Visitor: 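The structure's right below; bear with me while I get my questions together.
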Amino acid sequence: DPEAEKLAAELELVKVGREPEQSFRRAAEQLERAVALDPYRASLWIGLERLYARVGETELSARARRRGAQYCPTLRERP
């Protein structure tokens, strides 16, 4: 269920203060699973893009946006 994976990612981010690197990695893994389960949900791609940007992974952030744009027309143009 993509919503369960999204929730799991959000819970991982709550733990950032204790284990930041592991928490971000696990959150990214959860969001990657969520977009695999439902690639047509733009909010999942945006969450993945923002997570990668937050940890300084600009190429992964841009790649998440491009991958999401293949499924979600709303992601094809930046606001």
Side-chain angles (χ1 to χ4, degrees):
D1 175 23
E3 284 302 311
E5 296 296 339
K6 181 180 177 188
L7 179 60
E10 291 169 354
L11 291 173
E12 282 300 329
L13 292 175
V14 169
K15 297 189 240 179
V16 167
R18 290 178 264 160
E19 304 171 325
E21 189 174 318
Q22 284 183 319
S23 293
F24 283 121
R25 182 181 50 76
R26 285 192 296 254
E29 289 170 359
Q30 303 279 177
L31 284 173
E32 289 284 358
R33 280 195 289 274
V35 297
L37 290 168
D38 187 357
Y40 300 100
R41 189 170 298 173
S43 64
L44 298 176
W45 290 107
I46 291 168
L48 188 59
E49 175 189 20
R50 288 180 180 167
L51 176 65
Y52 284 137
R54 185 173 172 186
V55 296
E57 294 286 353
T58 55
E59 181 53 39
L60 289 175
S61 176
R63 189 180 317 157
R65 183 70 177 214
R66 287 191 304 271
R67 287 170 48 211
Q70 294 174 3
Y71 299 97
C72 304
T74 59
L75 298 177
R76 291 185 185 145
E77 290 187 28
R78 286 195 178 247

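Positions are given from 1 along the sequence. Note that the structure is predicted; figures quoted are calculated from it, not measured.
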Visitor: For the atom pair NZ (K6) and CG (D38), what is the distance rounded to the nearest 0.5 Å?
Guide: 11.0 Å
Visitor: Tell me every residue that passes side chain to side chain donor-acceptor pair (under 3.5 Å) with E29, counting only those two or more places apart in sequence or in another chain.
Guide: R25
Visitor: So, E21 and R26, do they make that salt bridge, N to O below 4.0 Å?
Guide: no
Visitor: What pairs with A27 under side chain to side chain contact (heavy atoms under 4.5 Å, CB included), at least two apart in sequence or on another chain?
Guide: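 For A27 the side chain to side chain contact (heavy atoms under 4.5 Å, CB included) partners, ignoring immediate neighbours, are A9, E12, L13, L51.
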Visitor: Return the set of residues passing side chain to side chain donor-acceptor pair (under 3.5 Å) with R50 (not counting sequence neighbours), or none when no residue passes.
Guide: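 If we apply the side chain to side chain donor-acceptor pair (under 3.5 Å) test to R50, skipping adjacent residues, there are no hits.
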Visitor: Test of understanding: with side chain to side chain donor-acceptor pair (under 3.5 Å), list the residues that count as partners of E3, not counting sequence neighbours.
Guide: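 Scan of E3 (side chain to side chain donor-acceptor pair (under 3.5 Å), adjacent residues dropped) gives R41.
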Visitor: Is there a donor-acceptor pair under 3.5 Å between the side chain of R65 and the backbone N or O of L75?
Guide: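 Between the backbone of L75 and the side chain of R65 there is a qualifying donor-acceptor contact (under 3.5 Å).
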Visitor: Between the side chain of W45 and the main-chain N/O of P39, is any donor-acceptor distance below 3.5 Å?
Guide: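 Such a contact is found between W45 side chain and P39 backbone.
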Visitor: Drop me the distance from L31's CG to E10's CD, to the nearest 0.5 angstrom.
Guide: 8.0 Å
Visitor: List in chain and number order the residues that pass side chain to side chain contact (heavy atoms under 4.5 Å, CB included) with A36, two or more places apart in sequence or in another chain; answer none if no residue qualifies.
Guide: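 Side chain to side chain contact (heavy atoms under 4.5 Å, CB included) check on A36 returns nothing, list empty.
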Visitor: Is there a donor-acceptor pair under 3.5 Å between the side chain of R76 and the backbone N or O of A69?
Guide: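 Here the side-chain-to-backbone pair exists.
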Visitor: Can you get from Y71 to I46 by hopping between Ile, Leu, Val, Met, Phe, Trp and Tyr side chains that sit under 4.5 Å apart?
Guide: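 Yes, one cluster joins them.
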Visitor: Taking the side chain as everything from C-beta on, heavy atoms only, tell me whether R67 gets closer than 4.5 Å to E49.
Guide: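 No, their side chains stay 4.5 Å or more apart.
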Visitor: List in chain and number order the residues that pass side chain to side chain contact (heavy atoms under 4.5 Å, CB included) with A53, two or more places apart in sequence or in another chain; answer none if no residue qualifies.
Guide: S61
Visitor: Residues in side chain to side chain contact (heavy atoms under 4.5 Å, CB included) with E57, at least two apart?
Guide: Y52, V55, L60
Visitor: Evaluate salt bridge (Lys or Arg N to Asp or Glu O under 4.0 Å) for R66 paired with E59, printing each intermediate quantity in order.
Guide: CA-CA 10 Å; R66 287 191 304 271; E59 181 53 39; 3.0 Å; yes
Visitor: Taking all non-hydrogen atoms of both residues into account, name the closest pair between L44 and A34 and its distance.
Guide: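 Heavy atoms only, the tightest pair is CD1-O, 3.6 Å.
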Visitor: Out of curiosity, does L37 fall in the hydrophobic cluster containing Y40 (side-chain heavy atoms, cut-off under 4.5 Å, transitive links)?
Guide: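 In one cluster: no.
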Visitor: Restricting to non-hydrogen atoms, name the atom on L48 and the atom on A28 that form the minimum distance, rounded to 0.1 Å.
Guide: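 Heavy-atom minimum between the residues: CD1-O, 4.0 Å.
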Visitor: Please enumerate all residues that pass salt bridge (Lys or Arg N to Asp or Glu O under 4.0 Å) together with R63, with sequence neighbours excluded.
Guide: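 Per chain and number, R63 pairs via salt bridge (Lys or Arg N to Asp or Glu O under 4.0 Å) with no residue.
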